[in-house]
**Student:** 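I have a structure here, written as structure tokens, and I will follow up with some questions on it.
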There are 2 protein chains.
Amino acid sequence: MITVAIAEDHQALIDGIQSYLEYEDDITIVGHANDGEQLLELVEKRPPNIVLCDIRMPKVDGIAAAKMIQNKFPQTKVVAFTMFDQEEAIRQMLDAGAVGYILKNSSLKVVLEAIRTIAEGKTYFDKKIHLPSAEKNKSKSVLSSREKEILVLVGRGRTSHEIADELFIGKSTVDTHRKNMIRKLGLSGAGELLRYALEKKYDF
Amino acid sequence: MITVAIAEDHQALIDGIQSYLEYEDDITIVGHANDGEQLLELVEKRPPNIVLCDIRMPKVDGIAAAKMIQNKFPQTKVVAFTMFDQEEAIRQMLDAGAVGYILKNSSLKVVLEAIRTIAEGKTYFDKKIHLPSAEKNKSKSVLSSREKEILVLVGRGRTSHEIADELFIGKSTVDTHRKNMIRKLGLSGAGELLRYALEKKYDF
DNA sequence: TATAAAATACCCATGAATGGGGATTTTTGA
DNA sequence: TCAAAAATCCCCATTCATGGGTATTTTATA
């Protein structure tokens, strides 16, 4: 018997999956969560064999949740179940410990197949995704972690002065980070960094 | 027999709904579409009693599709089935001719109930939504159509000068529109109009 | 027809971001 | 250990948006 938990903020989709898997003799849905926090509580209380996990969820996102599950419950396998097909999204979920990746625009037949494959100890990747190559798996983002940190604050509309105050650094340091990001990202012109920050959020 | 079509870009959700409704004797899913264009073709070929229709879809969005269906096939009832719970989204779908509105974070039981209620000639609204009041139904957006036009261009990163050239008006006219929008929207500070333009896209 | 809103346009000043350049210190990884 | 990257910080200049104000003409609607 394969026990499965589902983390997905759309209850309609959870109901649909449950309905679809209802008569599968080897699979039981043991719980579902509408946000990342609930998921962690659910897994803590009763670790399932497999977690089907969205990425964009309230409270704790799928990437963070997968990391925590991997750390505390290595026997529980996380499968990403998401609309995001970008390599970076895939990479981040894999880095977080996911052993599978399925797109929501695939049929539920794919979900069923994934569950069974992963229960055998294998990995499962939706044929529609482009798996990041192994070498690239080692590469880092073009932006440094400090830059990313500042980019988030830029996206929130903070001025350089406000960011400087918040991070206990000089305003000119913030401006330099901005300049470096603009150069690395090949942007140019007023507001383009802000636009990038906003459009790339969850765009991986 | 109630015939139902589903327009939803996530195939997994379509499969789930089909599975859920599979054994309902009075309901038949007669087709599904992964984008607004497909939906219109499907309805043209075989007008169902009810269309379950997402808002954010590729090619033709749910609002536009609902309008077209209402015009050509007034017997076919459109039900919004979406994550958007904002009044403006609801208003636009209602204006487009929808007779129902269901949130994806509700259970599929709600979908079933809605289908049956609407098939009887009534309307159905998810208890979780806040229905726009009738008076407000007449009111317009706080921004004028010209302002909205300029806001779209702001969101694309155009400078006031570029917008002026594009619309054959003076740069100072564009700046005045910017100023008026900022005032009307109660914004303040650098980049806030751009942030608004980007964050409000599909935020209704 | 009269009024209000919308569209058009301008002046001026300031703040913030961007874009050119420079530099030193600290951290990381081969 | 050493070299490169990252983090820190600065100077200067320009552009662009915002924010204060003004005004006239056109359009829409009661």
**Student:** Mind checking whether H32(B) and Q11(B) have side chains closer than 4.5 Å, heavy atoms only?
**Tutor:**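 H32(B) reaches Q11(B) side chain to side chain.
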
**Student:** For atom NZ of K72(B), is the number of surrounding heavy atoms from other residues, nucleotides or ligands below 6.0 Å larger than 12?
**Tutor:**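 Open.
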
**Student:** Return yes when atom NZ of K122(A) has more than 12 non-hydrogen atoms of other residues, nucleotides or ligands closer than 6.0 Å, and no otherwise.
**Tutor:**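 At most 12 heavy atoms, drawn from other residues, nucleotides or ligands, come within 6.0 Å of this atom.
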
**Student:** What I want to find out is whether K104(A) reaches E8(A) closely enough, with some N-O distance under 4.0 Å, to be called a salt bridge.
**Tutor:**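 Answer for the salt bridge query: yes.
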
**Student:** Once each nucleotide of nucleotides 3-18 of chain C is scored for protein heavy atoms under 4.0 Å, what B/S/- sequence comes out, 5' to 3'?
**Tutor:** ---SSBBB-----SSB

**Student:** Atom CD1 of I163(B) and atom P of dT18(D): how far apart are they, to the nearest Å?
**Tutor:**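 In whole Å, dT18(D) P lies 10 Å from I163(B) CD1.
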
**Student:** Hey, is NZ on K148(A) packed in by over 12 heavy atoms from elsewhere, all under 6.0 Å?
**Tutor:**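 Result for NZ/K148(A): enclosed.
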
**Student:** Counting runs of three or more consecutive pairs, Watson-Crick or G-U wobble, with each distance below 3.5 Å, where are the stems of DNA chain D?
**Tutor:**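 Runs of three or more consecutive pairs: C:1-30 with D:1-30.
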
**Student:** How about CD on E120(B), more than 12 heavy atoms from neighbouring residues, nucleotides or ligands closer than 6.0 Å, or not?
**Tutor:**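 Yes, CD of E120(B) has more than 12 neighbouring heavy atoms, counting only those of other groups under 6.0 Å.
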
**Student:** Is R116(A) salt-bridged to E24(A), cutoff N-O under 4.0 Å?
**Tutor:**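 Yes, charged N to carboxylate O under 4.0 Å.
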
**Student:** Taking side chain as C-beta onward, heavy atoms only, is L112(A) less than 4.5 Å from Y20(A)?
**Tutor:**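 L112(A) reaches Y20(A) side chain to side chain.
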
